[in-house]
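The structure under discussion appears below in the form of C-alpha cells.
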Amino acid sequence: MSQELGSSPPGKTSDVGGIPPTLSVLLRAFVQSREAILITNASNRIVAINPAFTEMTGYGIDEILGEDPKILSSGHADPAFFGAMWQSLTQEGFWQGEIWDKRKDGSTYPKWLSISVIRNEAGVAQNYVANFNDISSSKEAADRLAHLAYHDPLTQLPNRLSFEAQLTQSLRICQREGRRLALMLIDLDNFKNINDTLGHHIGDELLKKVALRLRESIRASDLVARLGGDEFVVVLPEIDGPMVAARVANKIQQNMADSYLVDGYSLYATPSIGISLFPTDGQDTGTLLRNADSAMYHAKSAGRNNHQFYASRMNEAAGERLRLESALRLAVAAISPTGSEFSLHFQPQINAGTGQVIGLEALLRWNSPTFGAVSPLRFIGIAEETGLIQPLGDWVIWETCRYTRELKSHGFENIRVAINISAQQLRHENLLMLVRGALACYNLDPSDIELEVTESTAMQNTEVTLDILDQLANMGIVLAIDDFGTGYSSLAYLKHLPIKHLKIDRSFVTDIETDANDAAICAATIALGHNLGLKLVAEGVETEQQREFLCRLGCDVLQGYLFSKPLPFDEIIPYLAQVQQSFNAQPCATRPRSNGPAPDC
Ligand code: C2E
Ligand code: CA
Ligand code: CA
C-alpha cells in the first residue's frame, strides 16, 4: 500500500503539522547533524559538543568540557577580529564568518562559523551556540580557481590579468610616494622558429625553462609575468634610476645566454628587452606597455639579444612602419601590365668547379616614390604580415617566367632561374596552378625554374608542406632549401623532402675563415647534404678566400658579391655574355667577374 507524503511511518509519533518537536527529536538533530555544534554557558565555558565536532576537531567531550573555546584558536586572527565578533554578538545576538582554527593534533583549518546568543525571558545571555563546517576543501578549490584565473598554466607565472592589477597597484604607490618604477617587455629571439620547426611540445618546455631563469634573475619583490606566446614582462617597483633597470636587464641577458637542453636539443632563446620608466615614459599601464613595446621592437631591429630604453622618437618609427605599409598596399594595388614600382634583380649562381653561370636568383626590388629603394628585408616582412605577399609573390612568379623566356631568346638556354617563395604562398591552393599557368604562358619547362623555400617554412606544418613540395617536385620543378642552418631541421624529415639543393645561410659563410664553429657547420652541412644526394649552394661569398675554402670543402654552387651583386635584367645579359667569353674551364682556378656594375643595395 502506498504511503501518503507527510504521513508518519507506522508506529512513530508525528512531528509535523504545527505540533512542536519532541525533545528527543531535537537531541537527535543535535547528535546527528553533519555540522559541528558547540554550546557554551554565559561565562563562555563549553557545556556541550556533538559528534561532528569531535570528528572535525579531534576533541572528545571529556577533554573539552568546561574549557574556553579559545583552546581551538589557531592564533592567526588578531585581537581586533575577536573584538568585532563580540561586539556583533552583544549588539545583534549573532555573528558569522570565516575563521582559522586548530585541531587537537595541532593542524589548522579554515571553517565557516555561525554563533548565536540564547537569551532567557529577561533578555540575559544564557548560552552561546556555535555551529561550523570545515571549508578546507571548498577553500582549496576556490584558491585553485583563483590561481588559474591569475596564473599562466604553462609556466605558473602571473598572467596578463594579474600583471595589470599588480602594476596598477604599484603605480598608485609610486605616485603617492614619489617613487620610480621600470617596466621591461621581453620577447624571445627566434622562438617562433623553434616552435614551428620542432613543435609546440618543445616550445612549451623551453618556455617553462625560460620562466625559471627569468624568476631567478630578479628579486622576490619584483614581478615577472607571462603576457602570452613568448612575451614576458618584468616590473621593478622601486628603482633609484635607469642604471638599476640596465643592470637587471644585463643580468637577464647573461642568465639567458646559455643554451637550454630540451628533449635532447640544445636550444637558444636570447631576449630582446624594451624598457619604459615611470613617470618619464608614461603614467599608466597602457602607455608604459606601449612604450616598452616600441623599445622592444627597437631592440629587435638593433640585432636582438640586447636591451633598449624607450625614447619618444621610437614612436616615430612605428608611425613610419604604418606609412610604409599603406604605401606598399597602394603599390601592390597599382601593379599593371604596363609597369609598377616593383622590379626584379638577378644574382648569378656559379658552378664552383667550372666557374660557369648555371643559374640566377630573382630578387624583388621596390622603388617607392615616397621612401626610395626599400630593402626587401624590410618590406617582405610587412607583405607577409599583411597578406600582400600573395599578389606580390604571384607577380614575381609571372615576371620571372617572362624574363626566363627572354633569357632564352638571348641564347642563354641552360640557365635556371630561382624564385623565393614565402610560407603563405606555399600553402595557398593556387600555387600549383599559378606555376603551371606561368610556365605554359611563356612556353617554359618546369626545369627552367627553381623554387626556394626557407628552412623554417619547410619545417612548418610538415604534412601539408611535404604534400605540396611533392606535387611541385613531381611536376619536375627543382626545389631548394634557403637559409639552411638557421632553423632546426631534423635530418629524418629532411631526408623525406623532395629537394635538390641546400643553400647554406650567408651568416655561416661570412666568418668561415675566422670562426671555427662556422667552418665546422659549413663542412658538416656539405658532407651531410652530399650524403643525402643534394647539391650544396653557398650564399654570400664575398672574398677569394671564402671561395677557395668552400671549394676545398666540396661545395657545388657559389653565389655572392665576389661574382656579382644582384643586377637588373638589362645588365644581366651583358654580364652573362662577358662570363661566357672569358670562360675558362680550369676547375676552381678562375672565376667570372662582373664588369664593375653599380652596387645593387
Ligand atoms: P635571400 O633569399 O637569402 O637572398 C639573398 C640575399 O643576400 C639578397 O638580399 C642578396 O642581395 C644578398 N646577398 C647576396 N650575395 C651577397 C653577399 O655576397 N654579401 C651580402 N652581404 N649579401 C649578399 P636581398 O635582395 O636584400 O633580399 C633579402 C631577402 O628578401 C631574401 O633573402 C629573401 O628572403 C627576401 N626576398 C627577396 N626577394 C623575394 C621575393 O621575391 N619573394 C620572397 N618571398 N622573398 C624575397
Ligand atoms: Ca633566396
Ligand atoms: Ca638565403
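Whatever order the structure lists them in is the order used to number ligands and atoms, beginning at 1.
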Side chains of D187 and P271, heavy atoms from C-beta outward: is any pair under 4.5 Å? no

Look at atom 1 (P) of ligand 1 and find which of L344, L426, D482 reaches it with the closest heavy atom. D482

Residue D483, metal the Ca ion (ligand 3), N/O/S under 3.0 Å: yes

Go through the steps for S272 and D189 under the test side chain to side chain donor-acceptor pair (under 3.5 Å), then give the verdict. CA-CA 7 Å; S272 291; D189 302 328; 2.6 Å; yes

With a cut-off of 3.0 Å, does D482 put an N/O/S atom close enough to the Ca ion (ligand 3)? yes

N/O/S atom of T454 under 3.0 Å from the Ca ion (ligand 2), yes or no? no

Determine, considering heavy atoms only, which of N420, V396, T457 sits nearest to atom 42 (N) of ligand 1. N420

Nearest non-hydrogen contact with atom 6 (C) of ligand 1 belongs to which option: E399, E361, E539, R506? R506

Can you figure out which of Y561, F563, F379 has its heavy atom closest to atom 23 (C) of ligand 1? Y561

Numbered atoms of ligand 1 (with element) below 4.0 Å of Q347, judged on heavy atoms: 14 (C), 15 (N)

Over 60° means perpendicular and under 30° means parallel, so tell me whether F569 and H410 are parallel, tilted or perpendicular. perpendicular

A student comparing I389, D483, L558, T486 should find that the heavy atom closest to atom 3 (O) of ligand 1 comes from D483

Considering only N, O or S atoms, which atom of E361 is nearest to the Ca ion (ligand 2)? OE2

R365 and ligand 1 - part of the residue with a heavy-atom distance under 4.0 Å: side chain

